[in-house]
Chemist: 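Just passing along the structure, written as C-alpha coordinates.
Every heavy atom of this structure was used, including side-chain atoms; hydrogens, water molecules and symmetry mates were not. Atoms within each ligand, like the ligands themselves, are counted from 1 in listed order.
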Amino acid sequence: MQRLITNWKFAWQAASRFVAGSSIQEAIPIVRDLNNRGFDVTLDHLGESTTTTEEAIRATDQILELLDAIDAAAIRANVSVKLTQIGLSLDQELCQSNLEKILLRARQYHNFVRIDMEDSPYTDETLRIYRGMRAKGHDNTGVVIQAYLYRSEADAKALLEDGTRIRLVKGAYKEPAAIAYPKKSDVDANYDKLANIMIGCRTMGADSPVGVDGRFPPVPAIATHDAIRIANVKAELAQQHLPNGTVEFQMLYGIRRDLQEQCIREGYPVRIYVPYGTHWYAYYMRRLAERPANVWFFLSNYFRK
Ligand code: FDA
(Lines give C-alpha, C1' and ligand atoms only; values in the text may rest on other atoms or scores of the structure.)
Protein backbone atom coordinates (compact mmCIF):
# COMPACT_ATOMS: atom_id res chain seq x y z
CA MET A 1 0.00 0.00 0.00
CA GLN A 2 2.82 2.37 0.93
CA ARG A 3 4.60 1.75 -2.39
CA LEU A 4 1.38 2.16 -4.32
CA ILE A 5 0.43 5.43 -2.65
CA THR A 6 3.86 7.06 -2.58
CA ASN A 7 4.29 6.41 -6.32
CA TRP A 8 0.95 8.00 -7.07
CA LYS A 9 1.36 11.61 -8.18
CA PHE A 10 -2.12 12.60 -7.07
CA ALA A 11 -1.47 11.26 -3.55
CA TRP A 12 1.67 13.40 -3.27
CA GLN A 13 -0.29 16.46 -4.40
CA ALA A 14 -2.85 15.76 -1.68
CA ALA A 15 -0.19 15.05 0.97
CA SER A 16 1.63 18.28 0.13
CA ARG A 17 -1.11 20.15 1.98
CA PHE A 18 0.60 18.80 5.12
CA VAL A 19 4.18 18.31 3.86
CA ALA A 20 6.45 21.20 2.83
CA GLY A 21 8.20 19.58 -0.14
CA SER A 22 10.47 16.64 -0.60
CA SER A 23 13.77 18.35 0.26
CA ILE A 24 15.12 20.97 2.63
CA GLN A 25 15.63 23.29 -0.36
CA GLU A 26 11.87 23.16 -0.98
CA ALA A 27 11.04 23.59 2.71
CA ILE A 28 13.25 26.63 3.39
CA PRO A 29 11.16 29.21 1.43
CA ILE A 30 8.05 27.94 3.21
CA VAL A 31 9.74 28.34 6.59
CA ARG A 32 10.96 31.80 5.64
CA ASP A 33 7.45 32.83 4.69
CA LEU A 34 6.11 31.50 8.02
CA ASN A 35 8.87 33.38 9.89
CA ASN A 36 7.97 36.58 8.03
CA ARG A 37 4.38 36.14 9.16
CA GLY A 38 5.48 35.86 12.80
CA PHE A 39 5.63 32.08 13.25
CA ASP A 40 8.53 30.09 14.63
CA VAL A 41 9.01 26.65 13.13
CA THR A 42 10.14 23.16 14.05
CA LEU A 43 11.36 21.17 11.05
CA ASP A 44 10.90 17.41 10.78
CA HIS A 45 12.90 15.53 8.18
CA LEU A 46 10.29 12.82 7.71
CA GLY A 47 11.18 9.24 8.49
CA GLU A 48 10.59 6.68 11.22
CA SER A 49 11.04 3.00 12.00
CA THR A 50 14.27 2.60 10.07
CA THR A 51 15.10 -1.06 9.54
CA THR A 52 18.87 -1.06 9.04
CA THR A 53 21.89 0.54 10.71
CA GLU A 54 22.81 2.21 7.41
CA GLU A 55 19.36 3.83 7.18
CA ALA A 56 19.61 5.12 10.76
CA ILE A 57 23.04 6.59 10.09
CA ARG A 58 21.82 8.17 6.84
CA ALA A 59 18.81 9.65 8.65
CA THR A 60 21.15 11.09 11.30
CA ASP A 61 23.37 12.63 8.62
CA GLN A 62 20.32 14.20 7.01
CA ILE A 63 19.31 15.78 10.34
CA LEU A 64 22.85 17.13 10.77
CA GLU A 65 22.58 18.63 7.27
CA LEU A 66 19.23 20.09 8.25
CA LEU A 67 20.81 21.85 11.25
CA ASP A 68 23.54 23.23 8.96
CA ALA A 69 20.93 24.40 6.47
CA ILE A 70 18.85 26.16 9.14
CA ASP A 71 21.91 28.09 10.24
CA ALA A 72 23.05 28.88 6.69
CA ALA A 73 19.59 30.13 5.69
CA ALA A 74 19.21 32.12 8.95
CA ILE A 75 15.63 30.93 9.43
CA ARG A 76 13.92 30.71 12.84
CA ALA A 77 13.53 26.96 13.18
CA ASN A 78 14.49 24.16 15.51
CA VAL A 79 14.30 20.44 14.78
CA SER A 80 11.97 17.59 15.75
CA VAL A 81 13.31 14.04 15.70
CA LYS A 82 11.75 10.59 16.08
CA LEU A 83 14.09 8.18 17.82
CA THR A 84 13.03 5.20 15.66
CA GLN A 85 14.26 7.24 12.71
CA ILE A 86 17.79 7.18 14.12
CA GLY A 87 17.82 3.58 15.26
CA LEU A 88 15.76 3.13 18.45
CA SER A 89 14.10 -0.09 17.27
CA LEU A 90 17.43 -1.52 16.04
CA ASP A 91 20.09 -0.77 18.62
CA GLN A 92 19.72 1.60 21.55
CA GLU A 93 23.41 2.44 21.71
CA LEU A 94 23.39 3.39 18.05
CA CYS A 95 20.32 5.55 18.67
CA GLN A 96 21.95 7.29 21.64
CA SER A 97 25.14 7.96 19.77
CA ASN A 98 23.17 9.34 16.79
CA LEU A 99 21.11 11.57 19.07
CA GLU A 100 24.22 12.84 20.80
CA LYS A 101 25.75 13.81 17.44
CA ILE A 102 22.56 15.71 16.62
CA LEU A 103 22.52 17.51 19.99
CA LEU A 104 26.17 18.47 19.68
CA ARG A 105 25.63 19.89 16.19
CA ALA A 106 22.53 21.75 17.41
CA ARG A 107 24.48 23.18 20.34
CA GLN A 108 27.09 24.51 17.92
CA TYR A 109 24.29 26.64 16.42
CA HIS A 110 22.53 27.37 19.76
CA ASN A 111 19.63 25.37 18.44
CA PHE A 112 17.15 23.04 20.10
CA VAL A 113 16.04 19.48 19.32
CA ARG A 114 12.61 18.19 20.27
CA ILE A 115 12.32 14.43 20.67
CA ASP A 116 8.90 13.47 19.29
CA MET A 117 7.00 10.77 21.17
CA GLU A 118 6.03 7.67 19.22
CA ASP A 119 3.76 4.75 20.15
CA SER A 120 3.76 3.21 23.61
CA PRO A 121 6.37 0.43 23.08
CA TYR A 122 8.88 3.31 22.84
CA THR A 123 7.70 5.58 25.68
CA ASP A 124 10.02 4.27 28.41
CA GLU A 125 13.03 4.05 26.12
CA THR A 126 12.45 7.53 24.71
CA LEU A 127 12.29 9.05 28.20
CA ARG A 128 15.30 7.03 29.34
CA ILE A 129 17.40 8.18 26.39
CA TYR A 130 16.24 11.79 26.91
CA ARG A 131 17.26 11.63 30.59
CA GLY A 132 20.60 10.08 29.63
CA MET A 133 21.29 13.05 27.36
CA ARG A 134 20.38 15.53 30.09
CA ALA A 135 22.64 13.65 32.52
CA LYS A 136 25.48 14.10 30.02
CA GLY A 137 24.84 17.84 30.07
CA HIS A 138 22.86 18.16 26.83
CA ASP A 139 20.31 20.78 27.80
CA ASN A 140 19.19 21.76 24.32
CA THR A 141 16.49 19.11 24.11
CA GLY A 142 12.99 18.33 25.33
CA VAL A 143 10.30 15.67 24.98
CA VAL A 144 6.62 15.21 24.19
CA ILE A 145 3.89 14.11 26.59
CA GLN A 146 0.73 12.49 25.22
CA ALA A 147 -2.48 13.33 27.10
CA TYR A 148 -4.15 10.06 26.08
CA LEU A 149 -1.79 7.94 28.23
CA TYR A 150 -2.79 7.30 31.86
CA ARG A 151 0.87 7.51 32.88
CA SER A 152 1.36 11.02 31.49
CA GLU A 153 0.51 13.00 34.62
CA ALA A 154 3.20 11.19 36.62
CA ASP A 155 5.68 11.50 33.73
CA ALA A 156 4.96 15.20 33.25
CA LYS A 157 5.39 15.99 36.96
CA ALA A 158 8.70 14.14 37.16
CA LEU A 159 9.97 15.78 33.96
CA LEU A 160 8.96 19.26 35.09
CA GLU A 161 10.92 18.77 38.29
CA ASP A 162 13.98 18.18 36.11
CA GLY A 163 13.32 21.41 34.21
CA THR A 164 12.24 19.57 31.07
CA ARG A 165 10.81 21.47 28.15
CA ILE A 166 7.61 19.59 27.40
CA ARG A 167 5.42 19.68 24.31
CA LEU A 168 1.92 18.55 25.25
CA VAL A 169 -0.09 16.69 22.58
CA LYS A 170 -3.20 14.52 22.65
CA GLY A 171 -1.40 11.54 21.05
CA ALA A 172 -1.53 10.27 17.48
CA TYR A 173 -1.21 6.48 17.70
CA LYS A 174 -3.72 3.70 18.25
CA GLU A 175 -3.25 2.59 21.85
CA PRO A 176 -5.09 -0.07 23.90
CA ALA A 177 -7.59 0.96 26.60
CA ALA A 178 -5.35 -0.69 29.20
CA ILE A 179 -2.90 2.20 28.90
CA ALA A 180 -4.76 5.07 27.18
CA TYR A 181 -8.10 6.83 27.57
CA PRO A 182 -10.39 5.40 24.88
CA LYS A 183 -12.84 8.33 25.09
CA LYS A 184 -11.99 11.65 23.45
CA SER A 185 -13.68 13.60 26.26
CA ASP A 186 -11.31 11.99 28.80
CA VAL A 187 -8.29 12.78 26.65
CA ASP A 188 -9.46 16.40 26.39
CA ALA A 189 -9.99 16.65 30.17
CA ASN A 190 -6.53 15.22 30.80
CA TYR A 191 -5.07 17.63 28.24
CA ASP A 192 -6.52 20.60 30.17
CA LYS A 193 -5.27 19.19 33.46
CA LEU A 194 -1.73 18.62 32.17
CA ALA A 195 -1.65 22.04 30.49
CA ASN A 196 -2.55 23.65 33.82
CA ILE A 197 0.15 21.66 35.63
CA MET A 198 2.69 22.90 33.07
CA ILE A 199 1.49 26.50 33.38
CA GLY A 200 1.56 26.18 37.19
CA CYS A 201 5.20 25.18 36.93
CA ARG A 202 5.92 28.41 35.01
CA THR A 203 4.89 30.39 38.05
CA MET A 204 7.42 28.70 40.33
CA GLY A 205 10.09 30.75 42.08
CA ALA A 206 13.33 31.98 40.59
CA ASP A 207 15.32 29.44 42.59
CA SER A 208 14.32 26.75 40.08
CA PRO A 209 16.99 25.20 37.87
CA VAL A 210 18.06 27.25 34.88
CA GLY A 211 16.03 26.60 31.73
CA VAL A 212 17.71 25.39 28.57
CA ASP A 213 16.92 28.55 26.68
CA GLY A 214 17.76 30.83 29.55
CA ARG A 215 14.07 31.20 30.29
CA PHE A 216 12.96 29.23 33.31
CA PRO A 217 10.77 27.54 34.15
CA PRO A 218 10.70 26.12 30.62
CA VAL A 219 7.99 27.46 28.32
CA PRO A 220 5.23 24.85 27.95
CA ALA A 221 4.48 24.00 24.34
CA ILE A 222 0.75 23.59 23.91
CA ALA A 223 0.46 21.57 20.71
CA THR A 224 -3.11 21.21 19.51
CA HIS A 225 -5.60 22.54 16.95
CA ASP A 226 -8.46 22.12 19.39
CA ALA A 227 -9.95 25.62 19.79
CA ILE A 228 -11.49 24.72 23.17
CA ARG A 229 -8.19 23.48 24.62
CA ILE A 230 -6.48 26.62 23.35
CA ALA A 231 -9.23 28.85 24.79
CA ASN A 232 -8.87 27.09 28.16
CA VAL A 233 -5.13 27.76 28.21
CA LYS A 234 -5.67 31.43 27.34
CA ALA A 235 -8.28 31.67 30.12
CA GLU A 236 -5.88 30.09 32.62
CA LEU A 237 -3.16 32.61 31.70
CA ALA A 238 -5.61 35.50 32.06
CA GLN A 239 -6.88 34.22 35.40
CA GLN A 240 -3.32 34.00 36.74
CA HIS A 241 -2.37 37.38 35.22
CA LEU A 242 0.38 35.72 33.19
CA PRO A 243 1.67 37.23 29.94
CA ASN A 244 0.91 35.62 26.58
CA GLY A 245 4.53 34.49 26.23
CA THR A 246 4.12 32.14 29.21
CA VAL A 247 3.24 29.40 26.72
CA GLU A 248 3.99 28.62 23.10
CA PHE A 249 1.19 27.27 20.93
CA GLN A 250 2.27 24.71 18.37
CA MET A 251 0.31 23.49 15.35
CA LEU A 252 0.97 21.31 12.33
CA TYR A 253 1.70 22.78 8.92
CA GLY A 254 -1.50 22.98 6.89
CA ILE A 255 -3.95 22.41 9.76
CA ARG A 256 -6.27 25.14 11.13
CA ARG A 257 -4.38 28.01 9.51
CA ASP A 258 -7.18 30.30 10.75
CA LEU A 259 -6.43 29.39 14.36
CA GLN A 260 -2.68 29.75 13.78
CA GLU A 261 -3.19 33.29 12.45
CA GLN A 262 -5.61 34.17 15.23
CA CYS A 263 -3.14 33.20 17.97
CA ILE A 264 -0.41 35.27 16.31
CA ARG A 265 -2.77 38.26 15.95
CA GLU A 266 -3.59 38.01 19.65
CA GLY A 267 0.12 38.14 20.50
CA TYR A 268 0.81 34.53 21.50
CA PRO A 269 4.00 32.81 20.33
CA VAL A 270 3.15 30.12 17.75
CA ARG A 271 5.45 27.47 16.34
CA ILE A 272 4.51 25.52 13.23
CA TYR A 273 5.62 21.90 12.87
CA VAL A 274 6.82 21.65 9.28
CA PRO A 275 7.57 18.15 7.94
CA TYR A 276 9.36 17.60 4.65
CA GLY A 277 11.03 14.76 2.80
CA THR A 278 10.14 11.74 0.75
CA HIS A 279 9.08 9.49 3.66
CA TRP A 280 5.70 11.16 4.07
CA TYR A 281 3.48 8.06 3.98
CA ALA A 282 3.17 7.31 7.73
CA TYR A 283 2.85 10.99 8.66
CA TYR A 284 0.15 11.56 6.05
CA MET A 285 -1.76 8.44 7.11
CA ARG A 286 -1.87 9.71 10.71
CA ARG A 287 -3.25 13.04 9.50
CA LEU A 288 -5.95 11.22 7.49
CA ALA A 289 -6.80 8.97 10.42
CA GLU A 290 -7.19 11.91 12.81
CA ARG A 291 -9.95 13.36 10.71
CA PRO A 292 -12.08 11.10 8.52
CA ALA A 293 -13.19 14.20 6.59
CA ASN A 294 -9.63 14.32 5.20
CA VAL A 295 -10.15 10.93 3.56
CA TRP A 296 -13.35 12.22 1.99
CA PHE A 297 -11.55 15.38 0.87
CA PHE A 298 -8.82 13.22 -0.68
CA LEU A 299 -11.27 10.93 -2.54
CA SER A 300 -13.63 13.68 -3.72
CA ASN A 301 -10.71 15.66 -5.14
CA TYR A 302 -9.44 12.59 -6.91
CA PHE A 303 -12.79 11.85 -8.53
CA ARG A 304 -13.36 15.52 -9.38
CA LYS A 305 -9.99 15.49 -11.08
P1 FDA B 1 -8.36 17.04 17.77
O2 FDA B 1 -7.99 15.76 17.10
O3 FDA B 1 -9.48 17.00 18.76
O4 FDA B 1 -8.66 18.10 16.65
C5 FDA B 1 -9.14 19.41 16.94
C6 FDA B 1 -9.48 20.08 15.63
O7 FDA B 1 -8.29 20.30 14.87
C8 FDA B 1 -10.37 19.26 14.72
O9 FDA B 1 -11.72 19.46 15.02
C10 FDA B 1 -9.98 19.79 13.35
O11 FDA B 1 -10.61 21.02 13.10
C12 FDA B 1 -8.52 20.05 13.50
N13 FDA B 1 -7.70 18.89 13.10
C14 FDA B 1 -7.06 18.01 13.91
N15 FDA B 1 -6.38 17.11 13.19
C16 FDA B 1 -6.61 17.41 11.90
C17 FDA B 1 -6.19 16.85 10.68
N18 FDA B 1 -5.39 15.78 10.63
N19 FDA B 1 -6.61 17.43 9.53
C20 FDA B 1 -7.40 18.52 9.53
N21 FDA B 1 -7.84 19.09 10.67
C22 FDA B 1 -7.45 18.55 11.83
N23 FDA B 1 1.50 13.21 18.49
C24 FDA B 1 2.26 12.25 19.05
O25 FDA B 1 1.77 11.18 19.41
N26 FDA B 1 3.62 12.49 19.24
C27 FDA B 1 4.21 13.67 18.89
O28 FDA B 1 5.40 13.83 19.08
C29 FDA B 1 3.39 14.67 18.31
N30 FDA B 1 3.92 15.89 17.95
C31 FDA B 1 3.05 16.90 17.55
C32 FDA B 1 3.54 18.20 17.35
C33 FDA B 1 2.66 19.24 17.07
C34 FDA B 1 3.20 20.62 16.91
C35 FDA B 1 1.25 18.98 16.97
C36 FDA B 1 0.28 20.08 16.71
C37 FDA B 1 0.78 17.71 17.13
C38 FDA B 1 1.66 16.66 17.40
N39 FDA B 1 1.19 15.36 17.56
C40 FDA B 1 2.01 14.40 18.11
C41 FDA B 1 -0.16 14.99 17.07
C42 FDA B 1 -1.21 15.04 18.18
O43 FDA B 1 -1.02 13.98 19.08
C44 FDA B 1 -2.63 14.92 17.59
O45 FDA B 1 -2.75 13.69 16.92
C46 FDA B 1 -2.99 16.02 16.61
O47 FDA B 1 -2.51 17.25 17.05
C48 FDA B 1 -4.53 16.12 16.44
O49 FDA B 1 -5.13 16.40 17.66
P50 FDA B 1 -5.62 17.86 18.15
O51 FDA B 1 -4.91 18.19 19.41
O52 FDA B 1 -5.43 18.85 17.09
O53 FDA B 1 -7.13 17.65 18.56
Chemist: Report yes if some N/O of A223 lies less than 3.5 Å from some N/O of ligand 1; otherwise report no.
Modeler: no
Chemist: Within the structure, does at least one protein heavy atom fall under 4.0 Å of atom 2 (O) of ligand 1?
Modeler: no
Chemist: What residue among D71, D44, I24 forms side-chain contact (heavy atoms from CB on, under 4.5 Å) with L66?
Modeler: I24
Chemist: For the residue pair Y150 and Y181, is the inter-centroid distance of their aromatic rings smaller than 6.0 Å?
Modeler: yes
Chemist: Excluding sequence neighbours, so at least two apart, what forms side-chain hydrogen bond (donor to acceptor under 3.5 Å, both in side chains) with R229?
Modeler: D188, D192, D226
Chemist: If you measure from atom 50 (P) of ligand 1 to every heavy atom of I115, V143, T224, which option wins on shortest distance?
Modeler: T224
Chemist: Taking non-hydrogen atoms only, is Y173 closer than 4.0 angstrom to ligand 1 via side chain, backbone, both or neither?
Modeler: side chain
Chemist: In terms of residue, atom name and distance, what is the protein heavy atom nearest to atom 49 (O) of ligand 1?
Modeler: K170 CD, 4.3 Å
Chemist: In the complex you have, is atom 8 (C) of ligand 1 within reach of the protein, judged by whether a heavy-atom distance drops under 4.0 Å?
Modeler: no
Chemist: For ligand 1, find out whether one of its N or O atoms is nearer than 3.5 Å to an N or O atom of Y148.
Modeler: no
Chemist: For ligand 1, which is the ligand I care about here, please tell me if I255 has any N or O atom under 3.5 Å from one of the ligand's N or O atoms.
Modeler: no
Chemist: Please check whether Y273 reaches ligand 1 - meaning an N/O of the residue sits under 3.5 Å from an N/O of the ligand, judged on distance alone.
Modeler: no
Chemist: Under 3.5 Å, is there a donor-acceptor pair linking the side chains of R291 and N294?
Modeler: yes
Chemist: With a 4.0 Å cut-off on heavy atoms, is K184 in contact with ligand 1?
Modeler: yes
Chemist: Is ligand 1 under 4.0 Å from a heavy atom in the side chain of L252, in the backbone, in both, or in neither?
Modeler: both
Chemist: Out of E118, E290, E248, R17, who gets a non-hydrogen atom closest to atom 44 (C) of ligand 1?
Modeler: E290
Chemist: Given Q250, R287, R229, R167, which one has a non-hydrogen atom that is nearest to atom 32 (C) of ligand 1?
Modeler: R167
Chemist: Measure from NZ or CZ of R271 to the centre of the six-membered ring of F39 and say whether it is under 6.0 Å with the direction within 45° of the ring axis.
Modeler: no
